[in-house]
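Sequence lines set the chain letters: A, B, ... in the order given, protein chains first and strands last, and positions in each chain run from 1. Computed from a prediction, not measured in an experiment: that's the story for all the values here.
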Amino acid sequence: MRTKTKFLAVPYLLWMTIFIIAPLLFVAYFAFTDSAGNFSFQNIIKLGDYIPVFITSIWLGAVAAFLCLIIAYPVAYFIANTSEKWQKFLIMLIMLPMCMSFLLRTIAWVSLLSDNGIINNTLTAIGLSPLPLIRNNGAVILGMVYNYLPFMIMPLYTVLVKMDSSVINAARDLGANSFQVFRRVILPMSLPGIVTGITMVFVPAVSTFYISRKLGNTSLTMIGDVIESQFKTAYNPNLGAAMSLGLMVLIFICMGIMNRFSKDEEDILL
Amino acid sequence: MSDVIIQLENISVAFGGTDILKNLNLTIKDKEFVTFLGPSGCGKTTTLRIIGGFVRPDSGAVYFDGYNINDTPPYKRQVNTVFQRYALFPHLNVFENIAFGLRIKKLPEKEIKEKVMQMIERVNLKGFANRKTNNLSGGQQQRVAIARALINNPRVLLLDEPLGALDMKLRKDMQMELKKIQQESNITFIYVTHDQEEALSMSDRVVVMDNGIIQQIGTPQDIYNEPSNAFVADFIGESNILDGIMIEDYMVSIFGQKYKCLDKGFDRYEPVDVVIRPEDIQILDPDKSSLSGVITNVTFKGVHYEIIVDIKGFKWMIQSTEFHRVGEWIGIALLPDLIHVMKKSEYSGQFGDYSSYSEEYDALSDDSEESSDEFSEQEEEL
Ligand SMILES: Nc1ncnc2c1ncn2[C@@H]1O[C@H](COP(=O)(O)OP(=O)(O)O)[C@@H](O)[C@H]1O
Ligand SMILES: [Mg+2]
């Protein structure tokens with residue numbers, strides 16, 4: 001029995017090694033070598049030049065994750081409190097845009113927001129002056145929020161729909177009004193969903209490259225763009241690998257801070 | 001202010017077109033221990049939720065201290081609940097679970113600490129203050145639930161099958177403890193159970209329910225000695241329920257023979273149900289009795305033997321401390337004050353003799369699973 005279960009784990013271990021551990025080792029190898037393959041810290045040192053880029057990326061990712069949370073919570077709460085039939089339907093609606101290509105969804109925003117895009121054309125047609133909707137950080141954040149919102153809604157919906165109504169009734173029974181029930185019971189009990197949602201939005205948002213290029217100011221570079229250019233145009237995979245590694249470390253640090261913070265939050269909420 | 005704390009007046013509730021409570025009327029006195037007793041699904045929890053404010057009756061009124069509280073939300077009622085499966089806050093430890101109500105009231109930290117510690121001691125949870133609730137035993141979780149409710153000094157405590165998940169021994173201990181807590185705290189307890197023994201041993205008054213209708217309200221002695229119909233007689237303890245005809249006041253005929261009884265006020269020759277408790281039946285020599293038959297089954301129960309005897313096709317249950325063999329012929333004696341006559345009801349004929357002895361026994365013990373709380377989404381928000 002034991003050996004059999006162990007045996008069953010083998011394909012999974014193999015898969016992990018090939019697709020998770022090995023690539024990481026490769027990234028680490030490239031990051032710590034120069035183009036000739038000699039051990040070197042030069043790439044890591046060079047990361048210093050990109051500190052502003054890292055900061056911009058993390059900042060935009062954090063704003064996007066925060067906005068996603070603010071938007072997604074009421075949506076998820078509403079869905080979780082409808083009947084089962086509606087829940088299925090609404091979740092399907094939320095997931096539907098995900099079935100479309102990420103690139104297409106971003107390009108769609110370009111044609112909406114650009115200087116002679118649909119919105120501005122409409123504005124000029126009714127005699128208003130056009131607005132600078134594209135090529136700014138707002139548009140980038142909008143693109144991120146739009147693309148990653150379902151990743152926030154899903155985990156929130158999952159924790160909210162599983163929440164035991166008798167626990168909520170218990171809080172009401174003990175004197176809590178609707179606001180207090182939310183703050184002292186529903187919110188802290190949904191914290192795991194919040195943490196998962198933020199992770200699922202923040203991580204891809206920080207390392208995104210396409211959205212910033214299509215919707216952002218030409219002067220805006222996000223770390224994802226820089227990494228991509230190292231492999232494609234600048235052809236310096238060693239520096240690219242070092243950047244990826246640096247980004248990974250930074251993301252881990254951010255997640256660590258957030259987990260720490262959510263623990264404290266749990267205590268504060270008491 | 002009168003003695004009455006809660007009054008339910010013509011309460012009816014339907015869920016999804018099914019009538020769950022049908023025109024319920026009930027008054028509960030201050031500081032009373034009242035138990036709702038009935039089989040699973042009869043509407044006990046729903047009645048409790050109406051008092052707690054979680055379900056709004058479709059019609060009828062709930063009065064608290066004489067004031068209509070139909071529109072009062074739960075958090076404004078001087079009532080606290082111990083929920084069926086405790087419903088402790090999983091994200092809070094024992095201390096914070098118990099402190100919840102006080103924190104809502106924004107009491108000073110020092111006072112909260114004092115009161116919670118006192119309460120923790122009172123329910124024997126010393127040393128557990130910082131434990132998470134999900135790794136406590138059933139009995140401990142139950143104590144937290146009681147402490148969490150009691151600390152708010154409610155006028156009325158609602159308890160929904162609080163001992164349902166505990167094993168026999170612990171149950172008995174907790175029954176005593178709960179009764180003690182009720183007497184010490186000097187408040188009204190409204191207790192829900194489907195266990196008749198629990199109801200009889202703890203309550204000042206028992207409300208027997210079936211099918212959303214109150215079948216009988218009375219002291220434990222009342223409902224045991226003078227059940228109002230065949231359902232109550234069968235549900236509370238063991239009973240032999242026979243068809244009889246009331247000849248006149250104090251005279252009933254069973255199997256064509258006349259017996260003296262203590263009941264009156266029936267029509268002449270009115271068909272009635274007659275209850276005779278197994279422990280009230282005396283065993284005689286067959287030739288000294290007009291009712292005699294053969295023993296078909298004997299079970300040892302510790303305090304007594306449970307004897308099934310077939311008399312003219314009707315299987316009686318007799319409880320006796322003396323041993324008798326299967327196959328033995330015996331006679332039985334029915335004394336006037338042990339015969340109880342009831343009006344015929346919709347339940348007549350459903351519960352009779354003990355022909356299906358073993359099945360009935362099983363049906364009594366597999367009652368513990370409840371499903372009522374799963375219907376959360378249709379619940380009324382107040
Ligand atoms: N919110 C609800 N929605 C629909 N049906 C319900 C709801 N609550 C209870 N019921 C039904 O009402 C009946 C009585 O339930 P309940 O009061 O919980 O019974 P008890 O506590 O006596 O077991 C059951 O048949 C149950 O299925
Ligand atoms: Mg119930």
**Student:** Are B:Tyr75 and A:Asp173 close enough that some pair of their side-chain heavy atoms sits under 4.5 Å apart?
**Tutor:**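 The answer is no, as the side chains (C-beta and beyond) never meet within the 4.5 Å cut-off.
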**Student:** Can you name the closest pair of heavy atoms from B:Phe100 and A:Ala176 and give their distance?
**Tutor:**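 Heavy atoms only, the tightest pair is CE2-CB, 4.2 Å.
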**Student:** Given side chains that start at C-beta, do those of A:Leu174 and B:Ile104 come closer than 4.5 Å, heavy atoms only?
**Tutor:**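 Contact flag for A:Leu174/B:Ile104 side chains = no.
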**Student:** Find the distance between CZ (B:Arg49) and CG (A:Asn169) and round it off to the nearest 0.5 Å.
**Tutor:**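 One gets 6.0 Å once the value is rounded to the nearest 0.5 Å.
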**Student:** For a 4.5 angstrom cut-off between non-hydrogen side-chain atoms, does B:Phe54 reach A:Arg172?
**Tutor:**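 Answer yes - side chains close enough.
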**Student:** Looking at A:Val181, A:Val167, A:Ile168, which makes the most heavy-atom pairs under 4.5 Å with chain B?
**Tutor:**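 Heavy-atom pair counts peak at A:Val167.
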**Student:** Which atoms of B:Asn152 come close to chain A, meaning under 4.5 Å heavy atom to heavy atom: side chain ones, backbone ones, both, or neither?
**Tutor:**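 Contact with chain A: side chain only.
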**Student:** OG/A:Ser166 to CD/B:Gln84 distance, rounded to the nearest 0.5 angstrom?
**Tutor:**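 Reported to 0.5 Å precision, the distance equals 9.5 Å.
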**Student:** I need the B:Glu96 CD to A:Arg184 CZ distance, nearest 0.5 Å.
**Tutor:**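 Taking CD in B:Glu96 and CZ in A:Arg184, the distance rounds to 8.5 Å.
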**Student:** Could you state the interatomic distance from CG (A:Asp164) to CZ (B:Arg85), rounded to the nearest 0.5 Å?
**Tutor:**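 So the CG of A:Asp164 and the CZ of B:Arg85 are separated by 8.0 Å.
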**Student:** What part of B:Val82 lies closer than 4.5 angstrom to a heavy atom of chain A: side chain, backbone, both or neither?
**Tutor:**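 Neither part, no heavy atoms under 4.5 Å.
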**Student:** Given a strict heavy-atom distance threshold of 4.5 Å, which part of B:Ile151 is in contact with chain A: side chain, backbone, both, or neither?
**Tutor:**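 Nothing of B:Ile151, per the 4.5 Å heavy-atom cut-off to chain A.
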